[in-house]
Student: 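The structure is given below, and queries will be raised subsequently.
A quick note: this is a predicted structure, and the numbers were derived from the prediction, not measured.
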Amino acid sequence: MSGRSEPVGGPSMGSTGEWRGRELGTKTVTYDETRPILYALAVGADASDLDLVFEERLRVLPTFALTLAQWAPDALGSAGAFDIRTAVHGTQRLRVLKPLPRSGSVEMKARVAEVWDKGSAAVFDVAVESEYFEATWSLFAPGRGGFGGDRGASARRRPETSPTGSLAVRTAPNQAALYRLLGDRHHLHIDPEAAKTAGMPRPIMHGLCTLAAMTLPLASSLGAHPADLAELEGRFAAPVFPGDALQIDTWKDTEATLFEAAVDGKTVISAGRVRFA
């Protein structure tokens with residue numbers, strides 16, 4: 001996968017609120033059919049899912065867009081908005097506008113849509129737009145709050161009613177090793193020593209891999225095709241480790257399905273919402 005981007009200008013640290021509205025530049029990413037096929041395999045597609053893994057029938061999973069747009073939150077961290085050693089990915093949102101091409105070029109532009117003041121921390125919303133999708137990364141940055149900004153809305157709470165459905169999904173032991181080939185090669189996902197330095201007992205799954213992997217069984221349970229994903233949202237509540245078994249609870253909403261995922265009773269993805277066209 002290749003791409004070109006314009007440099008990002010801006011302050012380094014400084015007042016947190018000054019980052020609101022900051023343009024992060026544009027980038028065009030070019031890929032061939034190999035990338036979306038590798039992506040489908042990395043998020044749990046089976047070799048028998050020919051319309052996801054066979055180039056002659058290929059339908060690109062919409063969440064593949066998030067690997068194309070990962071440059072934007074990375075650019076914000078590199079520009080000095082927060083300490084990249086302590087900031088974490090809090091929430092991800094995706095809205096699909098039209099299907100991604102099997103191969104070709106995707107042009108994107110990015111900006112800091114909002115900066116929320118959580119007191120001891122700030123949350124930066126990084127919005128990426130293209131003709132194919134709109135995506136927003138919410139990045140939780142400790143030590144960057146207290147600048148007098150709006151606190152923002154609280155995360156959606158777990159519905160008080162009993163789940164209307166339940167799914168069991170097991171991640172693969174080699175899933176993080178495979179997913180990192182899509183571009184996010186942070187050592188935390190492959191190197192045991194890097195994981196220990198970060199306070200983890202072993203390498204962890206990429207949050208975006210876990211979230212995307214859930215869309216395949218969710219689509220199946222709803223009688224939909226995963227490539228027909230229209231909207232997706234989820235909050236990363238706790239780490240997931242390769243090989244973990246996820247228990248996904250679902251609730252029917254007016255136009256979408258709400259969901260939460262847990263491992264051994266501990267919530268790992270909360271405030272989930274998915275809609276298929």
Student: Looking at Gly148, is its backbone amide N or carbonyl O close enough to the side chain of Asp117 to form a donor-acceptor pair, meaning the two atoms are under 3.5 Å apart?
Tutor: yes
Student: Does any N or O in the side chain of Ser130 come within less than 3.5 Å of the main-chain N or O of Tyr132, such that one atom is a donor and the other an acceptor?
Tutor: yes
Student: Can you tell me how far the CG atom of Leu50 sits from the CG atom of Leu58, to the nearest 0.5 Å?
Tutor: 11.0 Å
Student: Test side-chain hydrogen bond (donor to acceptor under 3.5 Å, both in side chains) on Ser138 and Asp125; report intermediate values, then the result.
Tutor: CA-CA 4 Å; Ser138 289; Asp125 282 356; 2.6 Å; yes
Student: Do Trp19 and Leu76 have side chains that get closer than 4.5 Å, going by heavy atoms?
Tutor: yes
Student: Would Leu188 and Val263 show up in the same hydrophobic cluster when neighbours are defined by side-chain heavy atoms closer than 4.5 Å?
Tutor: no
Student: Would you say the side-chain atoms of His189 pair up with the backbone N or O of Ile204, donor to acceptor, closer than 3.5 Å?
Tutor: yes
Student: So for atom CD1, which belongs to Ile84, do other residues, nucleotides or ligands contribute more than 12 heavy atoms lying within a distance under 6.0 Å?
Tutor: no
Student: Looking at His206 and Leu208, would you say the former's side chain and the latter's main chain have a donor-acceptor pair under 3.5 Å?
Tutor: no
Student: Taking the side chain as every heavy atom from C-beta outward, state whether Ile269 and Phe259 have any atom pair closer than 4.5 Å.
Tutor: yes
Student: Tell me, do Glu114 and Phe124 make a side-chain contact under 4.5 Å, heavy atoms counted?
Tutor: no
Student: What's the shortest heavy-atom distance between Leu211 and Gln92, and which atoms?
Tutor: CD2-CB, 4.1 Å
Student: Looking at side-chain heavy atoms only, is the closest gap between Thr26 and Met108 below 4.5 Å?
Tutor: no
Student: Check Thr267 against Ser270 and note the closest heavy-atom contact, atom names and distance.
Tutor: CG2-CB, 3.9 Å
Student: OG1 of Thr161 to CG of Leu258: how many Å apart, nearest 0.5 Å?
Tutor: 9.0 Å
Student: I need the minimum non-hydrogen distance between Phe147 and Ala122, along with the two atoms involved.
Tutor: CE2-CB, 4.1 Å
Student: So if you build clusters from Ile, Leu, Val, Met, Phe, Trp, Tyr with side-chain heavy-atom gaps below 4.5 Å, do Val43 and Phe54 land together?
Tutor: no
Student: With side-chain contact (heavy atoms from CB on, under 4.5 Å) as the test, would you mind laying out the steps for Phe236 and Thr210 before giving the verdict?
Tutor: CA-CA 9 Å; Phe236 305 112; Thr210 303; 5.7 Å; no
Student: Out of curiosity, Leu94 CG to Leu229 CG, how far, rounded to the nearest 0.5 Å?
Tutor: 6.0 Å
Student: Supply the atom-to-atom distance Asp184 CG to Leu66 CG, rounded to the nearest 0.5 angstrom.
Tutor: 11.5 Å
Student: Testing the basics here: between Pro62 and Val96, what is the closest heavy-atom pair and its distance to 0.1 Å?
Tutor: CB-CG2, 3.6 Å
Student: Please table the atom pairs, donor to acceptor, closer than 3.5 Å between any side-chain atom in residues 242-250 and protein atoms at least two apart or in another chain.
Tutor:
{"residue": "Asp244", "atom": "OD2", "partner": "Phe241", "partner atom": "N", "Å": "2.8"}
{"residue": "Gln247", "atom": "NE2", "partner": "Ser166", "partner atom": "OG", "Å": "2.4"}
{"residue": "Asp249", "atom": "OD2", "partner": "Arg158", "partner atom": "NH2", "Å": "3.2"}
{"residue": "Thr250", "atom": "OG1", "partner": "Gly165", "partner atom": "N", "Å": "3.4"}
{"residue": "Thr250", "atom": "OG1", "partner": "Gly165", "partner atom": "O", "Å": "3.4"}

Student: If you define the side chain from C-beta out and look only at heavy atoms, does anything of Phe82 sit under 4.5 Å from Thr16?
Tutor: no
Student: Describe, in one word, how the ring planes of Tyr31 and Phe64 are oriented to each other, choosing from parallel (under 30°), tilted (30 to 60°) and perpendicular (over 60°).
Tutor: perpendicular
Student: Indicate if Leu38 and Leu52 have the same hydrophobic cluster label, given that clusters are the connected sets of ILVMFWY residues with side-chain heavy-atom separations under 4.5 angstrom.
Tutor: yes
Student: Mark yes or no for whether Lys118, through its side chain, and Arg151, through its backbone, hold a donor-acceptor pair below 3.5 Å.
Tutor: yes
Student: Only one of Asp51, Asp49, Asp228 clears salt bridge (charged side-chain N to carboxylate O under 4.0 Å, His left out) with Arg59; which?
Tutor: Asp228
Student: Any chance you could lay out the side-chain contact (heavy atoms from CB on, under 4.5 Å) test for Arg180 and Ile190, step after step, and finish with the verdict?
Tutor: CA-CA 8 Å; Arg180 66 188 299 271; Ile190 191 71; 3.7 Å; yes
Student: Is a donor on one side and an acceptor on the other found under 3.5 Å between the side chain of Arg273 and the backbone of Glu233?
Tutor: no
Student: Could I get the full list of side-chain contact (heavy atoms from CB on, under 4.5 Å) partners for Ala121, not counting sequence neighbours?
Tutor: Phe140
Student: Checking Thr63 against Tyr39 for the side-chain hydrogen bond (donor to acceptor under 3.5 Å, both in side chains) test, could you report, in this order, the C-alpha distance in whole Å, the side-chain angles of both residues, the deciding distance, and whether it holds?
Tutor: CA-CA 9 Å; Thr63 47; Tyr39 177 81; 2.8 Å; yes
Student: I need the Lys27 NZ to Gln70 CD distance, nearest 0.5 Å.
Tutor: 10.0 Å
Student: Measure the spacing between NZ of Lys109 and CZ of Arg111 and express it to the nearest 0.5 Å.
Tutor: 8.0 Å
Student: Give the minimum heavy-atom separation between Ser221 and Leu167, together with the two atoms involved.
Tutor: CB-CD2, 3.7 Å
Student: Testing the basics here: between Pro226 and Leu61, what is the closest heavy-atom pair and its distance to 0.1 Å?
Tutor: CB-CD2, 3.7 Å
Student: May I ask you to decide whether Arg95 forms a salt bridge with Glu231, counting only side-chain N to carboxylate O separations under 4.0 Å?
Tutor: no
Student: Between the side chains of Arg102 and Glu55, is the shortest nitrogen-to-carboxylate-oxygen separation below 4.0 Å, so that they form an ion pair?
Tutor: no
Student: Hey, quick one: are Leu232 and Leu216 part of the same hydrophobic cluster, counting side-chain heavy atoms closer than 4.5 Å, chains of contacts allowed?
Tutor: yes
Student: If we only count heavy atoms from C-beta on, is the Val268 to Met205 side-chain gap below 4.5 Å?
Tutor: no
Student: Do Leu24 and Val112 have side-chain heavy atoms sitting under 4.5 Å apart?
Tutor: yes
Student: Run the salt-bridge test on Glu255 and Arg275 with the 4.0 Å N-O cut-off and return the result as yes or no.
Tutor: no
Student: Taking a hydrophobic cluster as the set of Ile, Leu, Val, Met, Phe, Trp and Tyr residues connected by side-chain heavy atoms closer than 4.5 Å, whether directly or through intermediates, do Leu100 and Phe276 fall within one such cluster?
Tutor: yes
Student: Taking only Lys NZ, Arg NE, NH1 and NH2, and the carboxylate oxygens of Asp or Glu, determine whether Arg144 and Asp83 approach each other closer than 4.0 Å.
Tutor: no
Student: Measuring only between side-chain heavy atoms, which start at C-beta, is Leu222 closer than 4.5 Å to Thr257?
Tutor: yes
Student: Hey, is the main chain of Ala127 close enough, under 3.5 Å, to the side chain of Trp137 for a donor-acceptor pair?
Tutor: no
